[in-house]
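Owing to the predicted nature of the structure, the values given are computational and were not obtained by experimental measurement. What's counted below: heavy atoms across the whole structure, side chains too, no hydrogens, waters or symmetry copies. Below, read A as the first sequence line, B as the second, and so on, with proteins coming before strands; counting in each chain starts at 1.
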Number of protein chains: 2
Amino acid sequence: MIDAAGLRVMRAIADEGSFTGAAVSLGYSQPAVSQMVRRLEQRSGTVLVERIGRNVRLTEAGQVLARYAVSVLASLDAAEEEVAAIAGLRSGRVRLMAFPSSSATLVPRALSLVKKRFPDITVTFSEGEPPESLAALHSGDCDLAVAFAYEGGDIGRGEDLDLFVSTKLLDDEVRLAVPRDHPLAAAGDADLADFAQESWIAGCPRCRGHLLSLSRQAGFVPKVSFETEDYIAVLGLVSEGLGVALVPDLILAAAHNPDVATLSLKPASRRAIHAVTTEDLQRVPAVKATLEALCESARAHTARHTPVSV
Amino acid sequence: MIDAAGLRVMRAIADEGSFTGAAVSLGYSQPAVSQMVRRLEQRSGTVLVERIGRNVRLTEAGQVLARYAVSVLASLDAAEEEVAAIAGLRSGRVRLMAFPSSSATLVPRALSLVKKRFPDITVTFSEGEPPESLAALHSGDCDLAVAFAYEGGDIGRGEDLDLFVSTKLLDDEVRLAVPRDHPLAAAGDADLADFAQESWIAGCPRCRGHLLSLSRQAGFVPKVSFETEDYIAVLGLVSEGLGVALVPDLILAAAHNPDVATLSLKPASRRAIHAVTTEDLQRVPAVKATLEALCESARAHTARHTPVSV
DNA sequence: CACCTGGATAACACGAGGTTATAGAGTGGG
DNA sequence: CCCACTCTATAACCTCGTGTTATCCAGGTG
């Protein structure tokens, strides 16, 4: 029944002391103010301004409206400003969820970029493997997820296609990590079948699945002697000669171990790293900015590690 | 840019958790909510709700609006209620100004009536003669004035006609007050000329003017030996045989002095008592109620004192 | 796999709220 | 004392915000 426009008019009249003055201060024409007052009066069923001679004065009811107008309009402006701040990247929050090993370089560099460009955006970060991160995205506990998929596999379940929007960040080459003194460490490439008799160290469940898949293609079943999700530990185990392991390039870039040699797989294998969000969240400025920062961070990685290929 | 309707919708969505629910709670159709959100989004340049699957959730910006909506809408409702209270006579203030002798009966009874009917209306009262009271009305310091005019004279200056609205309350008969033992005290009527040699006691400036006017018509110039605005004093002076005086019926009804006799003037003279206000103020419920109470109070007086005449 | 529920979209209607043009009234100066 | 200036009111009109209904489309579910 009573709206912001009406209050604005009442306040302008209170401030200016005349309809004409109010109209000028609002950027309206004088009749606009005149009939706005009339509308308000017939809606509220009370006289709001007292026309005496050629100047106007607010009645008691009019003063009530003018008084409320101050606080209401201030709140309205504040709300508008807060929203504008979010739209203008001067405020905002992004809840990022990424799989553990992405925290090594990709994510930190992206967060740093965001921080540098938009100091008032707060990005909260938590670790999570694709199944959980997508669930969080779905349930609204997360705005942006960094996930990976080995070739041929999906990121999550089938819901990827239409529920989410994913942008590929980079292709992460999977390499074979062997002890530096391994007989085949000098060869540039490695045929997985040559390592059928080795002890294997497996990473996360999905990485282990990938290892099994690749070795099946190579015609053997790997002896998995260790399992750990911590790639630093994997490299440590490898360096001590306790086994060999498939390690993504992204990890090797962040954690180099001098006692470990890495070989390219002969049938190359890579995992695709995606940033996943929803159609709507993608258009939230802070999310968009973070996404772009992730892309740049990924580009920086790609440029450094595969400067010629692709 | 952002208005109450928009906030109302955002809050409803926050409360209900769905567009359809919000629409129901607002009495709208579902598409109305849907496009209101879209409008808000393109105005603010930000996504406000996240459509995930078939349920919606507010984004950070949306939550900001919903949060502000609570306080803004509460203020708006409060403002509306205050105005409604003024319109519904559950609140309000009337600044009444009346000439001194009207305070005797007319005004107190009216105030009592208002108080009884609308206990929450506060009527402030101050004394003032027509020149001042009309000025106060003009300057906005007064809402309702009770003024009087002797026959032939105007209430104020010429401004009465179109600036103010005046409603006649009653005709106040002017009588001649003489000491009870005056030779002519027994006569029902009095010819002013018979009192040409008396000492006269004059009241307020305008009353004195009226006395002069009447006596000129009767062919004499009165000897004015006392002047006082206090009619109690006038009656006291008369009762002590110090002079005669013209006293309005309204005063005599309130302050009867057993030692004073009152005579009707043969060419009857009366003063008209009006309630004066402005066109706009007349429509303010509290003012209207007070005005009506004054009319009733005047009717009560008329009925008691001139039950047959007029 | 089909149904049901909830959101999006299209087409449309109406009224709020703005505009310009003009008339009327109060005030102040020549 | 009147005239001119200014401020408000009114009329006629236009546009667009904001509602409607009808219909479609997608997601979750038995």
Side-chain angles (χ1 to χ4, degrees), chain A residues 1-10 12-13 16-44 47-58 62 135 137-139 157-164 278-280, chain B residues 1-10 12-13 16-43 47-58 62 134-135 137-140 157-165 278-280:
Chain A
M1 174 174 170
I2 187 171
D3 62 338
L7 289 185
R8 221 178 300 273
V9 168
M10 290 306 294
I13 294 173
E16 302 290 330
S18 78
F19 283 17
T20 303
V24 170
S25 89
L26 291 171
Y28 288 169
S29 65
Q30 170 265 315
V33 173
S34 197
Q35 34 192 14
M36 174 61 103
V37 170
R38 191 174 37 170
R39 270 194 299 271
L40 287 175
E41 286 185 334
Q42 60 197 29
R43 274 185 219 164
S44 62
V47 186
L48 297 177
V49 307
E50 185 185 350
R51 289 87 163 167
I52 186 144
R54 82 172 167 196
N55 39 356
V56 296
R57 192 176 14 254
L58 296 188
L137 207 48
H138 187 94
S139 73
R157 297 171 292 271
E159 45 192 355
D160 177 15
L161 289 163
D162 37 8
L163 253 184
F164 299 131
T278 67
E279 181 85 28
D280 300 311
Chain B
M1 174 173 169
I2 187 170
D3 63 338
L7 289 185
R8 220 179 299 275
V9 168
M10 290 306 293
I13 294 173
E16 302 291 329
S18 77
F19 284 17
T20 302
V24 170
S25 89
L26 291 170
Y28 288 169
S29 64
Q30 171 264 315
V33 173
S34 196
Q35 38 193 9
M36 173 62 101
V37 169
R38 190 173 39 169
R39 271 193 301 271
L40 287 175
E41 286 185 335
Q42 61 196 28
R43 275 186 220 162
V47 186
L48 297 178
V49 307
E50 184 187 349
R51 289 86 163 167
I52 186 146
R54 82 174 170 193
N55 40 356
V56 296
R57 190 176 16 252
L58 296 189
L134 293 190
L137 208 48
H138 186 95
S139 73
R157 300 172 289 272
E159 44 190 355
D160 177 13
L161 289 162
D162 38 6
L163 252 186
F164 299 130
V165 175
T278 67
E279 181 85 30
D280 299 312

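- One finds a side-chain N or O of Thr20(B) lying less than 4.0 angstrom from the OP1 or OP2 phosphate oxygen of dG7(C).
- Asn55(A) pairs by the side-chain contact (heavy atoms from CB on, under 4.5 Å) definition with Ile52(A), not counting sequence neighbours.
- Between the CD1 atom of Ile52(A) and the P atom of dT8(D) there is a distance of 14 Å, given to the nearest Å.
- Residue Phe164(B) contributes atom CZ, which lies 15 Å from atom C1' of dA25(C) at whole-angstrom precision.
- Along DNA chain C, the nucleotide nearest to Val33(A) and the one nearest to Gln30(B) differ in position, and the one closer to the 5' end is contacted by Gln30(B).
- The distance between atom CD1 of Ile2(A) and atom P of dA16(C), rounded to the nearest whole Å, is 15 Å.
- For Glu50(B) and dG27(D), the CD to C1' distance is 16 Å, given to the nearest whole Å.
- The side-chain hydrogen bond (donor to acceptor under 3.5 Å, both in side chains) search around Glu50(A) returns none, not counting sequence neighbours.
- Taking Arg51(A) as the reference, Glu41(A) meet the salt bridge (charged side-chain N to carboxylate O under 4.0 Å, His left out) condition, with sequence neighbours excluded.
- In this structure, the CE atom of Met1(A) is 13 Å from the P atom of dA16(C), given to the nearest Å.
- At dA9(D), one or more side-chain N or O atoms of Ser34(A) fall inside 4.0 Å of OP1 or OP2 (strictly under the cut-off).
- Among residue pairs with one or both ends in residues 20-39 of chain A, none qualify as side chain to side chain donor-acceptor pair (under 3.5 Å); sequence neighbours excluded.
- The closest side-chain heavy-atom distance from Leu58(A) to Ile13(A) is below 4.5 Å.
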Output one line per pair: protein atom, nucleotide atom from nucleotides 17-19 of chain D, and distance, for all N/O pairs under 3.5 Å.
from	atom 1	to	atom 2	distance (Å)
dT18(D)	OP1	Asp3(B)	OD2	3.3
dT18(D)	OP2	Arg39(B)	NE	3.4
dT18(D)	OP2	Arg43(B)	NH2	2.5
dG19(D)	OP1	Tyr28(B)	OH	2.9
dG19(D)	N7	Gln35(B)	NE2	3.4

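- Going from atom CG of Asp280(B) over to atom P of dT8(D) covers 13 Å, rounded to whole Å.
- Rounded to a whole Å, the CG atom of Leu40(A) is 13 Å from the P atom of dA9(D).
- Whole-Å rounding puts the Ile13(B) CD1 to dG6(C) C1' distance at 13 Å.
- Dashed line: the shortest gap from a side-chain N or O of Arg51(A) to OP1 or OP2 of dG26(C) is not under 4.0 Å.
- Closest approach to the Val56(B) side chain among dG7(C), dA9(D), dG28(D) is made by dG7(C) (side chain taken as heavy atoms from C-beta onward).
- The side-chain heavy atoms of Val49(B) and Asp280(A), taken from C-beta on, include no pair separated by under 4.5 Å.
- Contact annotation: His138(A) does not reach the phosphate of dG27(D) (side-chain N/O to OP1 or OP2, under 4.0 Å).
- The closest side-chain heavy-atom distance from Thr278(B) to Val165(B) is not below 4.5 Å.
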